[in-house]
Colleague: 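I'd like to ask you about the structure that follows.
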Amino acid sequence: LKISGKKSFLAGSILLGGILGPLFLMLGLKIANASSVSIWLNMELAATAMLGILFFKDYLDLYALFGVVLTLCAGILISVEEANSGMLSGFFILLACISWGFDNHFTAMIDNVSPKTITFVKGVFGGLTNISLFLVFSHGHIQSNYILFALLLGILSYGISIVLYVIAAQNLGATRSQIL
């Protein structure tokens with residue numbers, strides 16, 4: 001099966017950003033407390049920047065690079081405070097952030113597809129996959145009234161923010177958009 005151009009970027013974006021990133025995040029949240037995880041999620045900036053430099057020909061000036069390094073150091077310091085469970089959770093969050101870092105770059109390279117369409121496609125495939133995984137591992141225990149609230153919350157908060165990020169990433173590049 002050969003996938004070329006923007007289709008491969010979209011497929012990579014769906015797999016890494018819509019499926020694996022959230023899955024790693026949930027594994028990390030299961031082990032550590034949410035306040036630590038919320039700080040570790042700043043690693044997405046470091047992951048996006050490092051991947052940009054290593055694989056996507058991005059350039060960061062000394063100040064931007066210094067900010068990325070400080071972000072990385074802060075995440076490591078927080079992990080140490082949580083002991084062994086923090087290290088394992090931090091590892092899962094790092095995997096999530098690397099997944100989202102690739103997703104950010106892939107999304108920025110998709111051209112001639114509207115940000116709304118990209119967000120919708122990622123949301124549908126990622127959402128259906130993650131809901132299916134949840135139903136399998138929770139043995140189908142979900143209250144149906146929560147599904148509507150979750151969809152509404154996702155559209156109004158996360159969906160709109162992703163559309164705005166895609167617009168920025170397509171115009172500025174993934175690393176600069178992430179830093180901003």
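What you are looking at is a predicted structure, and each value in this text was computed from that prediction instead of being measured.
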Colleague: Please check if atom CZ in Phe125 has more than 12 non-hydrogen atoms from other residues, nucleotides or ligands closer than 6.0 Å.
Modeller: no
Colleague: Would you compute the distance between atom CG of Leu65 and atom OH of Tyr59 and round it to the nearest 0.5 angstrom?
Modeller: 9.0 Å
Colleague: Verify whether one side chain among Thr129 and Ser132 offers a donor that lies under 3.5 Å from an acceptor in the other.
Modeller: no
Colleague: If the test is side chain to side chain contact (heavy atoms under 4.5 Å, CB included), which one of Ile31, Leu23, Leu25 qualifies with Phe92?
Modeller: Ile31
Colleague: Under the side chain to side chain contact (heavy atoms under 4.5 Å, CB included) test against Ile118, which residue among Thr107, Val163, Ile167, Ile14 passes?
Modeller: Thr107
Colleague: Do Tyr165 and Thr119 have side-chain heavy atoms sitting under 4.5 Å apart?
Modeller: no
Colleague: Are side-chain N/O atoms of Thr48 and Thr175 paired as donor and acceptor at under 3.5 Å?
Modeller: no
Colleague: To the nearest 0.5 Å, what is the distance between CD1 on Ile93 and CG on Asn42?
Modeller: 11.5 Å
Colleague: Are any non-hydrogen side-chain atoms of Phe102 and Phe55 less than 4.5 angstrom apart?
Modeller: yes
Colleague: In Å, rounded to the nearest 0.5 Å, how long is the span from CG of Asn104 to CE of Met109?
Modeller: 11.0 Å
Colleague: If we only count heavy atoms from C-beta on, is the Leu16 to Trp100 side-chain gap below 4.5 Å?
Modeller: no
Colleague: With no hydrogens and no angle check, is any side-chain donor or acceptor of Ser99 less than 3.5 Å from a backbone partner on Leu20?
Modeller: no
Colleague: How long is the straight-line distance from CD1 of Ile160 back to NZ of Lys116, given to the nearest 0.5 Å?
Modeller: 11.0 Å
